Protein chains: 2
Amino acid sequence: MVQHHTRANPLFLREEELRQAIELLFYAYRDFTGEPDAILTKYGFGRAHHRVIYFVGRNPGITVSQLLRILKITKQSLSRVLSQLVREEFVAQRTDSDDRRRRMLSLMPKGEELERLLTERQSRRIARAYREAGAEAVEGFRTVLRGIINEEDRRRVTLAGSGRR
Amino acid sequence: MVQHHTRANPLFLREEELRQAIELLFYAYRDFTGEPDAILTKYGFGRAHHRVIYFVGRNPGITVSQLLRILKITKQSLSRVLSQLVREEFVAQRTDSDDRRRRMLSLMPKGEELERLLTERQSRRIARAYREAGAEAVEGFRTVLRGIINEEDRRRVTLAGSGRR
DNA sequence: CATTTACGTCAGTCTCGTTGACATATATGC
DNA sequence: GCATATATGTCAACGAGACTGACGTAAATG
């Protein structure tokens with residue numbers, strides 16, 4: 001697949017290979033977010049709203065501080081978009097009965113609908129790529145991406161899912 | 001959180017798998033850009049500067065319009081960061097002798113140095129992930145990422161690298 | 001010579017990230 | 001019960017970086 005005819009210089013090969021990875025990530029993320037971004041604009045929302053809607057939908061009952069740890073942004077940045085989503089009835093807050101300081105977040109019908117719309121687009125893109133690449137490539141894709149993620153957050157992705165070994 | 005022990009429903013499994021991909025991409029990109037972002041701050045630059053420096057370094061002599069096509073941002077957005085990079089002598093412009101409307105961009109010594117610094121960090125992260133994952137996984141990673149990229153831009157990544165030159 | 005292309009710029013807007021200070025409610029350890 | 005820590009929200013101010021739309025200039029091109 002990767003026809004490197006320069007076997008003479010392994011260092012060059014390595015750098016070229018790594019630069020390709022950098023570029024693949026850039027282009028893939030650019031296009032991966034491009035479609036949702038366009039949809040969000042119609043709602044007066046941006047990518048930050050998308051992230052909140054996605055992770056709240058994925059983890060119903062998640063608290064603000066848990067969300068902050070995932071997004072790695074400041075309380076202010078989250079607060080702005082979150083309060084907007086609550087105000088416009090995309091997201092609901094209810095007090096945790098165990099610890100009444102906590103606000104448990106969940107999607108309201110409007111939020112669920114938008115979440116589905118956005119996730120559907122992204123899923124379709126991934127599904128197509130997965131289908132074309134085959135199961136073995138998919139495993140490789142997952143493995144490498146996990147390796148790129150900071151160690152402390154790797155568990156976030158594979159614990160929840162089919163990757164139960 | 002969400003543990004799926006259901007093997008009964010293949011559709012559900014599929015959705016879970018796709019959501020994991022979405023999250024892998026999110027976390028990987030977040031951490032992939034996190035390190036360079038921190039460095040750039042010290043220079044008074046942002047991620048936009050990084051992208052320009054990277055792609056100019058990678059494609060010496062690239063023109064403004066070519067850069068726009070890669071970054072998919074507007075002329076204004078590019079103009080702001082580019083003129084700053086030129087002013088501060090990270091990037092040089094010289095008129096193309098064939099078509100004197102074009103400005104061919106290249107890195108100046110300061111730009112090359114910063115580019116190396118930033119790319120080094122990202123490369124190290126990728127290299128570690130590649131090493132841990134193995135050659136086969138790397139191929140899968142590349143294949144799936146290429147599939148995620150809009151078709152018209154796929155050639156950007158594999159032609160320039162292993163192909164010519 | 002008219003049109004198109006490449007590039008730059010001005011003015012204004014918006015999202016979304018930042019810091020730092022402060023307020024409140026609640027939980028928890030002693 | 002009190003002191004402290006935690007979870008959350010909010011205010012003010014700021015900066016980066018994206019956008020649109022319009023306009024201007026230089027050069028290439030049909």
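The structure presented is a predicted model; accordingly, all values stated were derived computationally and were not measured.
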- Query: Whole Å only: how far is the CG atom of B:Leu85 from the C1' atom of D:dA16?
  - Reply: 13 Å
- Figure out the CD1/C1' separation between A:Ile62 and D:dA7, and round it to whole Å. 14 Å
- Query: If only side-chain N and O atoms of A:Ser77 are considered, is one of them under 4.0 Å from the OP1 or OP2 phosphate oxygen of C:dC16?
  - Reply: no
- State which residues pass side chain to side chain donor-acceptor pair (under 3.5 Å) with A:Thr95; sequence neighbours excluded, sorted by chain then number. none
- Message: Can you measure B:Lys72 atom NZ to D:dC19 atom P for me and round it to whole angstrom units?
- Response: 12 Å
- Can you list, by residue number, the residues of residues 38-55 of chain B that have a non-hydrogen atom closer than 4.0 angstrom to DNA chain D? B:Gly46, B:Arg47, B:Ala48, B:His49, B:Arg51
- Message: Distance check needed: C:dC7 C1' versus B:Arg94 CZ, whole Å only.
- Response: 17 Å
- side chain to side chain contact (heavy atoms under 4.5 Å, CB included) partners for B:Lys72, two or more places apart: A:Arg30, A:Asp31, B:Asn150, B:Glu152, B:Asp153
- Item | Touch class at under 4.0 angstrom, heavy-atom based, for A:Asp96 against every strand present | nothing
- Would you kindly give the CD-to-C1' distance between B:Gln84 and D:dA16, to the nearest whole Å? 10 Å
- Ring centres of A:Phe32 and B:Tyr29 under 6.0 Å apart? no
- Phosphate OP1/OP2 of D:dA18: any B:Thr74 side-chain N/O under 4.0 Å: no
- Message: So, using side chain to side chain contact (heavy atoms under 4.5 Å, CB included) as the criterion, who are the partners of B:Gln66 when residues are at least two apart?
- Response: B:Ile62, B:Thr63, B:Arg69
- Message: So B:Asp98, base contact, sugar-phosphate only, or nothing? Heavy-atom distance under 4.0 Å.
- Response: sugar-phosphate
- Message: Which residues pass the side chain to side chain contact (heavy atoms under 4.5 Å, CB included) test with B:Ser106, not counting sequence neighbours?
- Response: B:Ala92
- Message: Could you check whether A:Glu23 pairs with B:Arg58 (Lys NZ or Arg NE/NH1/NH2 to Asp/Glu carboxylate O, under 4.0 Å)?
- Response: yes
Ignoring hydrogens and angles, write down the donor-acceptor pairs under 3.5 Å from the side chains of residues 107-117 of chain A, residues two or more places apart or on other chains.
from     : atom 1 : to       : atom 2 : distance (Å)
A:Lys110 : NZ     : A:Glu88  : O      : 2.8
A:Glu115 : OE1    : B:Arg19  : NH2    : 3.3
A:Glu115 : OE2    : A:Thr119 : OG1    : 2.6
A:Glu115 : OE2    : B:Arg19  : NH1    : 2.9
A:Glu115 : OE2    : B:Arg19  : NH2    : 3.1

- Could you give all pairs that pass the ring pair (Phe, Tyr, Trp, His ring centres under 6.0 Å) test and reach residues 114-144 of chain B, with sequence neighbours left out? B:Tyr130-B:Phe141
- Set of ring pair (Phe, Tyr, Trp, His ring centres under 6.0 Å) partners for B:Tyr54, sequence neighbours left out: none
- note: A:Leu67, atom CG; D:dA7, atom C1'; distance rounded to Å ~ 14 Å
- B:Leu78 has an atom CG; how far is it from atom P of C:dC7, in whole Å? 10 Å
- Task: Please state how far atom CZ in B:Arg100 lies from atom P in D:dT25, giving the value in whole angstrom units.
- Result: 18 Å
Under-3.5 Å N/O pairs linking protein and nucleotides 8-12 of chain D:
from   : atom 1 : to      : atom 2 : distance (Å)
D:dT8  : OP1    : A:Val64 : N      : 3.4
D:dT8  : OP2    : A:Ser65 : N      : 2.7
D:dT8  : OP2    : A:Ser65 : OG     : 2.6
D:dT8  : O4     : A:Lys75 : NZ     : 3.2
D:dG9  : OP1    : A:Gln93 : NE2    : 3.2
D:dG9  : N7     : A:Lys75 : NZ     : 3.1
D:dG9  : O6     : A:Lys75 : NZ     : 2.6
D:dT10 : O4     : A:Gln76 : OE1    : 3.4
D:dT10 : O4     : A:Gln76 : NE2    : 2.2
D:dC11 : N4     : A:Gln76 : OE1    : 2.5
D:dC11 : N4     : A:Gln76 : NE2    : 3.2

